[in-house]
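So you know, we letter chains A, B, ... as the sequences are listed, proteins then strands, and number each from 1. Any value given below was found using the heavy atoms of this structure, including those in side chains, with hydrogens, waters and symmetry copies removed.
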Number of protein chains: 2
Amino acid sequence: MQVAAACEPRHDAPRASRAVPIHVMPRGAAPRHATPRCSACAMRQICMPPELTPDQLAQLDEVICSTRSIKRGEALYRAADPFQSIYAIRAGSFKTVVMHRDGREHVTGFQIAGDTLGLDGICGGKQNCDAIALEDSVVCIIPFTQLEAICREMKPMQHHIYQMMSSEIVRESSQMMLLGTMSAEQRVATFLLNLSKRFKARGFSGAEFHLRMTREEIGCFLGMKLETVSRMFSKFQRERLVQANGKTIRIEDAEGLGRV
Amino acid sequence: MQVAAACEPRHDAPRASRAVPIHVMPRGAAPRHATPRCSACAMRQICMPPELTPDQLAQLDEVICSTRSIKRGEALYRAADPFQSIYAIRAGSFKTVVMHRDGREHVTGFQIAGDTLGLDGICGGKQNCDAIALEDSVVCIIPFTQLEAICREMKPMQHHIYQMMSSEIVRESSQMMLLGTMSAEQRVATFLLNLSKRFKARGFSGAEFHLRMTREEIGCFLGMKLETVSRMFSKFQRERLVQANGKTIRIEDAEGLGRV
DNA sequence: CGCCGAATTGATCTGATTCAAGTGCGGTGG
DNA sequence: CCACCGCACTTGAATCAGATCAATTCGGCG
């Protein structure tokens, strides 16, 4: 299945790339690049604990010293790939897809800048899903063994990783509740509000944004068919809750959406 | 809602309680008891990393020094309780239930002896679900702050916690796939096979076992109504895949169940 | 300009829910 | 010891939400 996501980013909010001295340190594989440091990264508040000292940040910079660019539709990793690193999204967005042996696919999440990828690979030593870029994206590579070492020395960092993993468990619990108990209408409303909240938390507009994924991918995430997703969008539009124009979404009445 | 689980355990497989010198050390709250040590626990292979030295086990015994008994239908913890410890189930079983603000309930998992409870409470510092005993049960209390300290010193233990959390993420991903893509029939089949596998891994029979939860709870876990669960049991019975007699389940044709 | 995949919309079908009427079993009290 | 009660479970019939099938329309791109 090819990935859609035709729209270009339109936000002028925090981008990951910065005018920062680049620490050149290529490491083998082609699509890896040297990268600006955590200590200077605009996403730091989101992917790292807030209370790190400059000293500790320097330690981090030692370990998280390369990034990787992934083109739209390409995989950052695939299920069964050996697990070595987790990834922090610097720019762009991804979907994670699990596949059943019978070919059935399910999208387990959409990740945007500041989110983390790969935590599910720790167990079993290999990736458990495909992570596919929804647009051209850049991730920071965080070698897990080295991260573990850091966590043994740096309490806030240790705690932060537990927090991240626990949050992911909680997020998935909510998604299970959504899939298990909500109507199609409620699922789509919840999905839009959740996206809105996350964009807002990252300095983008929470009221108007671009979907980087197709209706089919949304449906696959929400446990329904793309036609149903489309119908719900139309319904919300009729009810003046959202303005949906292809991939551009404008939330007109967040209150109302929440009450659905 | 009252919990059912009328049947008594009938297995003579590994039980948690053992004739081991009891390290008496009451700690405040009434329903806590001193407890046999990890170093002597039959569940250790399941809830702890295998490669611990006797020395390291002794350290664990220092920290995991109390248990708690929970009667059928009672809560080990409830959503919004302050998070302090995680729990390892020594004997018995639980369900974890998340509740939406509108009162909608969803069962996120069933846990049996050897499983861990409370990992989702780490983030936000408070519990995110109710953990309700499906039968009279006993858990080991693992104070999380102390566990974190141990993990900073004990590499295998540190890794083990990451593994456990990652496994939980993977388990929930599979459950999302189940909820998002499978028919009622497939969900129930998957549920039975999964339970079977887990019982087997703990030394119980994988072919015949007792459900400790009601049809309603199963339905709430699988995203369907109790009537549908019941119908699927009847269907499998007609097809000679399982023998379902109230809460007693005998799997006649695991192969066939898997093919559903 | 024309093509192709994505999205919308309508008509129909179906698996699961809902509603309703039993059945079976364990526990209680006479 | 048995009759009765309550609760979980089963089963059938009617209904409905969402899936499926099908026909356009839209929109980005070569």
Side-chain angles (χ1 to χ4, degrees), chain A residues 1-10 72-73 95 104-107 134-135 178-189 191-192 210-239 242-249 260, chain B residues 1-8 10 72-73 95 104 106 134-135 178-189 191 210-239 242-249 260:
Chain A
M1 187 179 53
Q2 237 318 55
V3 167
C7 297
E8 285 307 301
R10 292 164 71 250
R72 165 150 67 95
K95 63 171 177 179
R104 212 193 321 259
E105 279 192 3
H106 185 77
V107 172
L134 296 176
E135 59 191 310
L178 177 145
L179 291 168
T181 74
M182 292 188 188
S183 68
E185 189 182 16
Q186 295 172 318
R187 291 181 205 194
V188 175
F191 169 72
L192 289 176
H210 281 256
L211 301 175
R212 299 288 148 71
M213 67 294 281
T214 66
R215 302 287 190 263
E216 178 165 23
E217 288 164 332
I218 296 172
C220 195
F221 176 59
L222 298 178
M224 65 186 77
K225 292 289 134 168
L226 67 123
E227 292 95 328
T228 308
V229 175
S230 183
R231 276 184 241 276
M232 293 308 143
F233 279 178
S234 304
K235 186 161 187 285
F236 291 152
Q237 190 138 5
R238 277 198 302 279
E239 294 166 351
V242 311
Q243 189 70 24
N245 201 324
K247 292 198 148 55
T248 308
I249 298 288
V260 158
Chain B
M1 187 179 54
Q2 234 321 53
V3 167
C7 298
E8 283 307 301
R10 293 165 68 250
R72 165 150 67 95
K95 63 171 176 178
R104 213 195 318 261
H106 185 75
L134 295 175
E135 61 191 308
L178 177 144
L179 292 168
T181 73
M182 292 190 188
S183 68
E185 188 182 18
Q186 295 172 318
R187 293 182 204 193
V188 175
F191 170 72
H210 281 256
L211 300 176
R212 298 288 148 70
M213 67 295 282
T214 65
R215 302 287 191 264
E216 178 165 23
E217 288 164 330
I218 296 172
C220 195
F221 176 58
L222 297 178
M224 65 186 77
K225 294 288 136 174
L226 67 122
E227 293 96 328
T228 309
V229 175
S230 183
R231 275 183 242 275
M232 292 308 142
F233 279 177
S234 305
K235 184 158 189 285
F236 290 153
Q237 190 138 7
R238 278 197 303 280
E239 294 166 350
V242 311
Q243 189 69 24
N245 203 325
K247 292 197 148 53
T248 308
I249 298 289
V260 159

Detail all sub-3.5 Å separations between protein N/O atoms and N/O atoms belonging to nucleotides 10-14 of chain D.
residue : atom : partner  : partner atom : Å
D/dT10  : OP1  : B/Arg215 : NH2          : 3.2
D/dT10  : OP2  : B/Arg215 : NE           : 2.9
D/dT10  : OP2  : B/Ser230 : OG           : 2.6
D/dT10  : O5'  : B/Ser230 : OG           : 3.1
D/dT11  : OP2  : B/Ser234 : OG           : 2.4
D/dG12  : N7   : B/Arg231 : NH1          : 3.0
D/dG12  : O6   : B/Arg231 : NH2          : 3.1
D/dA13  : N6   : B/Arg231 : NH2          : 3.4

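- One atom, NZ of B/Lys225, and another, C1' of D/dA17, lie 13 Å apart when rounded to the nearest Å.
- A heavy-atom distance below 4.5 Å is found between the side chains of B/Arg104 and A/Met182.
- Looking at heavy atoms from C-beta onward, A/Met213 lies out of side-chain contact with A/Lys95 at the 4.5 angstrom threshold.
- One interatomic measurement links the two molecules: CD1 of B/Ile249 to P of D/dC9, which rounds to 10 Å at whole-angstrom precision.
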What does the list of N/O pairs under 3.5 Å between the protein and nucleotides 2-5 of chain C look like, with a distance for each?
none

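- At least one side-chain heavy atom of A/Leu192 sits less than 4.5 Å from a side-chain heavy atom of A/Phe233.
- In this entry the distance linking CE of B/Met224 with P of D/dG18 reads 16 Å, nearest Å.
- Contact record, B/Ala244 with B/Ile249: CB-CD1, 3.9 Å, taken as the closest heavy-atom pair.
- Atom pair A/Gln243:CD and C/dA7:P shows a separation of 17 Å (rounding to whole Å applied).
- For the OP1/OP2 pair of C/dA6 and a distance below 4.0 Å, the side-chain nitrogens and oxygens of A/Lys247 include no atom meeting the criterion.
- The CE atom of A/Met182 sits 18 Å away from the P atom of D/dA17 (whole-angstrom rounding).
- Protein atom CG of B/Leu179 is 15 Å distant from nucleotide atom P of D/dG18, rounded to whole Å.
- In this structure, A/Glu216 places its CD atom 14 Å from C1' of D/dT20, rounding to the nearest Å.
- In this structure, the side chains of B/Arg187 and B/Met232 stay at 4.5 Å or more apart for every pair of heavy atoms.
- Contact detail for B/Thr248 and B/His210: the closest heavy-atom pair is OG1-CE1, 3.2 Å.
- Separating the CZ atom of B/Arg72 from the P atom of D/dA8 is a distance of 10 Å, rounded to the nearest angstrom.
- Using a 4.5 Å cut-off on side-chain heavy atoms (C-beta onward), A/Leu178 and A/Gln186 make no contact.
- Within the 4.5 Å cutoff, the side chain of B/Phe236 has heavy atoms near those of the B/Val260 side chain.
- Looking at heavy atoms from C-beta onward, B/Lys235 lies out of side-chain contact with B/Val188 at the 4.5 angstrom threshold.
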